[in-house]
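A quick write-up on the structure given underneath.
Every chain is numbered from 1, with letters handed out A, B, ... down the list of sequences.
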Amino acid sequence: MEYQFRTIEKKWQQRWEEEKVYLVENNYQKPKCYVLDMFPYPSGAGLHVGHPLGYIASDIYARYKRLKGFNVLHPMGFDAFGLPAEQYAIETGQHPAVTTEKNIASFKEQMNNIGFCYDWSREVRTSEPDYYKWTQWIFLQLFHSWYNRDKKKAEPIDELIASFDKEGNVSYPCPADESVQFSSDQWKSFDKKTKQGILMNYRLAYCGYGDVNWCEALGTVLANDEVINGVSERGGYPVIKKKLRQWYLRITEYADRLLEGLRQIEFSEAMKEMQSNWIGKSVGADIVFPLSGSPRRGERSQNLPGFGYAEYKVANGVNFENARKNRKNPTEAESLLWNALRNRATGYKFRRQHPIENYIVDFVCLDAWIVVEVDGGYHNTKEQQALDIERDRLLKELGFITLRVTNEDVLFETEKTINKIKETCNLSIRTSMERKEDNMKPSPHWGEGGVRVFTTRPDTIFGVDFMVLAPEHELVEQITTPEQSEAIDEYLAYVNSRSERERMAEKKITGCFTGAYAIHPFSGKEIPIWVSEYVLAGYGTGAIMAVPCGDERDHRFAKHFNIPITNIIGDSYNGEEANPSKDAVLQNSDFLNGMKMQDAIEVVIQKVEEMEIGKRKVNYKMRDAAFSRQRYWGEPFPIIWKDGIAIPLDEKELPLQLPHVETYKPGPEGEGPLANITAWVNQFLSTKGGGLETNTMPGYAGSSWYFLRYMDPRNEKEFADRKATDYWNQVDVYIGGTEHAVGHLLYSRMWTKVLYDLGFIGFDEPYRKLINQGMIAGDSRFVYRIQGTNQFVSHGLKDQYQTDELHVDVNIVDGFVLDTEAFKKWKPDYEDAAFILENGQYICGSAVEKMSKSKYNVVNPDIIVDKYGADTFRMYEMFLGPIEQSKPWDTKGIEGVHRFLKKLWRLFYEQDNFVINNAEPAENELRILHKAIKKIQEDTERFSFNTAVSQFMICVNELAALNCHKRKILEPLLILLTPYAPHISEELWHQLGNKRTVLDAAFPTYNEQYLKENNFSYPVAVNGKTRTELSFPVDTLQADVEKEVLANEIVQKWMDGKPVKKFIVVKGRMINVVV
RNA sequence: GCCCGGGUGGCGGAACUGGUAGACGCGCCAGACUCAAAAUCUGGUUCUCGCAAGGGAGUGGGGGUUCGAUUCCCCCCUCGGGCACCA
């Protein structure tokens, strides 16, 4: 009987389905193992041979664990919401639900063809209402929660409200805007809308405003990759940034825990690095460099007190020094008042002797915009009073209210005075809050006056030779001098004309001087302020202090623009190259001289904090995640908008179903298509008095928690039963591509942490171990058409002609040999193609490229399975190479694996005779078997499937050589093979007379005893070069070995009479004689 | 520009903690079977000098540590992948 793989495979696939062998029960008694694949987006193109790589690996592992006695959860589902289906709907009018359904059906058929052990009864689809009901539910949990920084966990928002009632927000500063401060009384006095506005600034799922890529011509919002060089990919229409109301997830609050969590999970080092780079934690300081009083071109626009230190130097000499001196010599009243105001004693943060414009005020609350002046004796003169009035007027123009108190007020009616200050602040903050509500954007942190930079190296502060602002920095417009105005405009126009990509890849140094100067906070030195595209607006403060001697880019910039470089590290800087060391000893650095840089960091931070010109700061690159899309095919938000307040739907009202629509045109003003369906939007109008949110959720909503749903997929009361989530717990092995490194994996980790914090599940990392599968690249084939003709010349002869290289469908090429008849039929154009052959064949050219339709190098697994069988396909994909490595597909190579299975078959059948016998196995046969058991078990455990397949081949080759047909050897071998080639294993297992499925057999245990060798054949090297082999019993004494080796003729020849210097024996490895 | 991952026969790859480099498979060559071909089987196959016995070189290049390096260290070249020039 021949190996009829297709008959066997179809038979068993059917039997397994009928007998429901893959049904997984929540059997809490058995040890569990959860093996998960990243579920696919069901695209219209179907699977190509690259997709199943990870699925086969996880399938093998899942089956292996089952044989090892585990209750294995190995489910599959579909990430069914998404843009392509909607795009397809726009183009063809077919509803996304219909095309998605169709695509899923064909995906499932392709998968089943390969023989995966999925329990389809647990299938989930993110676009099904009974699934997205719980996506919406989790969204509401996020909406109803905030992050308690003290406890480092999410908590219900009600607890925050209780705290506000009690003490305002003193304990829990607002994560969105630190300047928002209020007392318990104030909180209570706020109206509903203000309160909700403030709470929105704390919620884990919140609404804010963000830029989108808006294309007027297409009337729609575009994804980043749909925008190329500032115009839309389709049509090439201009794209502008447009502010739209958007939902966000406050993932930044979890930055630290996401970083911490990486320590306890088994992701590859590269993956962990990618995630921590994305989170991008850096520790340093924010430092403000006051602006020098150079003329500016910008108006004092918007009545903002911008650059508090302007003219400061001109008017008062080193005025900043004065402020510091004044602080050290306060009057009695000032001292008393400072003690009453400092450390937020009133609930407001006050600074003293703080410069604003060209004044130094006694006390100021920058959040409430209140200045407090303590008037002593000399304020009573007429001239002084006039000056004071003028000063108050100017400050008022900047937005400050000045409250004047006398020395007497402070000294004798202290409490009354303090209360007065507090009330004034209260009043002010309310109006400020309202202003904010109107603008819907956070106010800048006023009064810091100057260029605020973030630096991780405050120790280098005396090496600052210039400052650089991002071109987008708001100060650029305001500080540029008239002389530099034209140059700056030109530079900004240049930057504007460049795409992000171009700016990123740019090696050239570009920049422009603004004409303005900042003042060094310690030395008082003037520092030129430049603009350059190498500073990014979105990171840190969008401005840097440049230290050329310690930073490579700063150094190049300084050299390029001839900016003098200050050396603060002596010999450690050679004048040619920046030295970013932290170990050098500081020089030229005033009070830091002689200090090691590493130690100076802390000293400087303390100093700037003391001087109140900066503070210690932990900075993250990561931004909050935009969580809404202006699209139809996604989860609707369970939110109603009423009078500008977001009102969540009740849990009982979920799922909020997506309405059926006929067109997918965007709504007005860039809203999603749902905005066009007024009946749907207003379905709660009568009961709740508002319309529904018309955005939908992004792709990663459904995929952030699907691993939980598989545990209890049909639960109608909860997203999953707690008993089930406790049992199945973390995913033990998660397999998928690297493209999800920072998106899906980070969001999913965050959601898990939130659900854990809120007590819904018992673990806070979703995936214990992650395996990344590499891509399978296509192996393209080319034909060469002689230019201007329909003649094709074989690869070896093409250089004799002028030819065009054209992709040809790999499916009509055998190796490199083109099937010319099939080629003629391939496209009408080639019908009467002529060929110039070499040796009677047309040889194609080749190249390894990404597998894609347009390159005609896509190989469909169905065709391979049809020709060689699923078992061969599975093993071959694994045999190609290490799972995490990318490699090219080569259909030719599959023959070897196929031959292996045929050879295995022949151990059971010779022609039509079943040749299995019950004889006792010989020692060498047992050694072969147990060597295989050991190796294959170890390789499977460490996901080294390619070497395991090799071992199968070695094993079968050796058994075939011995003509071994013994049941006691072959039966365990079949169990071993079951995870890799389940169909043939099951068939032969039954041929051996077994009645129950091999899927539940027990994995054989290997016996070390059979592996023991009595003799070992040692390679003998002289001076490291192997010269001969000598066999010794493994337990021979070294002295005996030495004697025999040295007596050996060949060894003696190579020793050439020289004395032995060293004699090395590595037991069971090798022998080396050194002469 | 920065970060990550790779470079081993004609090809995919193996060599787990430094110990016989090239397992296993493809391809190729030779042979068997056959009228012939396919299929199958057997043997060979890193390069190089040599009829052979045997020698020499060899894991991208150069240097180093070591009795011994594909493996560890330094420098360079090169190919993939990613990026938000990350201060």
Side-chain angles (χ1 to χ4, degrees), chain A residues 268-271 273-274 277-278 280-282 284 453-457 460 468 500-501 503-509 532-547 550-554 556 580 619-623 738-739 741-742 772 774-775 777 779 815-816 846 848 875-876 879-882 884-900 902-903 906 935 938-939 942 944 946-955 957 960 1017-1029 1061-1075:
Chain A
S268 70
E269 284 310 311
M271 175 64 60
E273 209 167 308
M274 261 190 260
N277 283 348
W278 182 268
K281 181 177 184 169
S282 51
V453 300
F454 171 73
T455 176
T456 54
R457 297 294 302 274
T460 62
V468 187
E500 279 296 309
R501 274 280 144 204
R503 276 179 69 174
M504 247 180 289
E506 185 55 76
K507 291 176 197 172
K508 226 167 53 202
I509 298 153
S532 175
E533 57 183 337
Y534 84 89
V535 174
L536 297 182
Y539 183 72
T541 59
I544 62 162
M545 56 177 224
V547 182
D551 182 283
E552 195 48 51
R553 276 165 313 155
D554 296 348
R556 280 201 306 271
N619 199 46
Y620 297 97
K621 269 192 293 187
M622 188 167 61
R623 304 274 159 257
T738 359
E739 66 271 23
V742 285
N772 285 117
M775 293 219 283
D779 193 5
F816 296 94
S846 69
V848 172
M875 292 194 87
Y876 183 55
F879 186 62
L880 276 175
E884 64 287 347
Q885 210 165 291
S886 289
K887 55 242 156 188
W889 174 263
D890 170 24
T891 302
K892 269 276 173 198
I894 201 169
E895 307 264 358
V897 176
H898 193 59
R899 276 200 272 269
F900 152 74
K902 284 205 257 187
K903 202 165 182 178
R906 282 200 304 274
K935 175 85 173 140
E938 283 171 1
D939 286 353
R942 64 188 177 103
S944 175
N946 57 328
T947 51
V949 175
S950 294
Q951 190 58 44
F952 276 118
M953 291 173 169
I954 292 166
C955 178
N957 285 346
S1017 181
Y1018 285 90
V1020 180
V1022 179
N1023 277 348
K1025 285 207 184 294
T1026 308
R1027 296 303 179 183
T1028 185
E1029 259 182 36
K1061 233 184 180 171
K1062 210 170 182 182
F1063 194 89
I1064 296 158
V1065 180
V1066 182
K1067 232 181 180 179
R1069 286 284 186 195
M1070 47 74 71
I1071 293 164
N1072 191 11
V1073 187
V1074 186
V1075 294

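Taking atom OH of Tyr1018(A) as the reference point, atom P of U20(B) lies 13 Å away to the nearest angstrom. If you measure from atom CZ of Phe879(A) to atom P of G12(B), you get 13 Å, rounded to the nearest angstrom. The distance from atom CE of Met953(A) to atom C1' of G25(B) is 5 Å, rounded to the nearest whole Å.
In this structure C16(B) sits in no base pair that meets the Watson-Crick or G-U test at under 3.5 Å. Across all strands shown, A37(B) forms no Watson-Crick or G-U wobble pair with both distances under 3.5 Å.
Using a 30° and 60° split on the angle between ring planes, Tyr876(A) and Trp889(A) fall in the perpendicular class, above 60°.
Residue Gln951(A) places none of its side-chain N or O atoms closer than 4.0 Å to OP1 or OP2 of C24(B). Note on Asn946(A): a side-chain N or O is less than 4.0 Å away from OP1 or OP2 of A14(B). An OP1 or OP2 oxygen of U40(B) is reached within less than 4.0 angstrom by a side-chain nitrogen or oxygen of Arg899(A). The side chain of Asn1072(A) contributes no N or O atom lying less than 4.0 Å from OP1 or OP2 of U66(B). The side chain of Arg906(A) contributes an N or O atom lying less than 4.0 Å from OP1 or OP2 of C41(B).
Base orientation of G9(B): syn, the glycosidic angle falling within 90° of 0.
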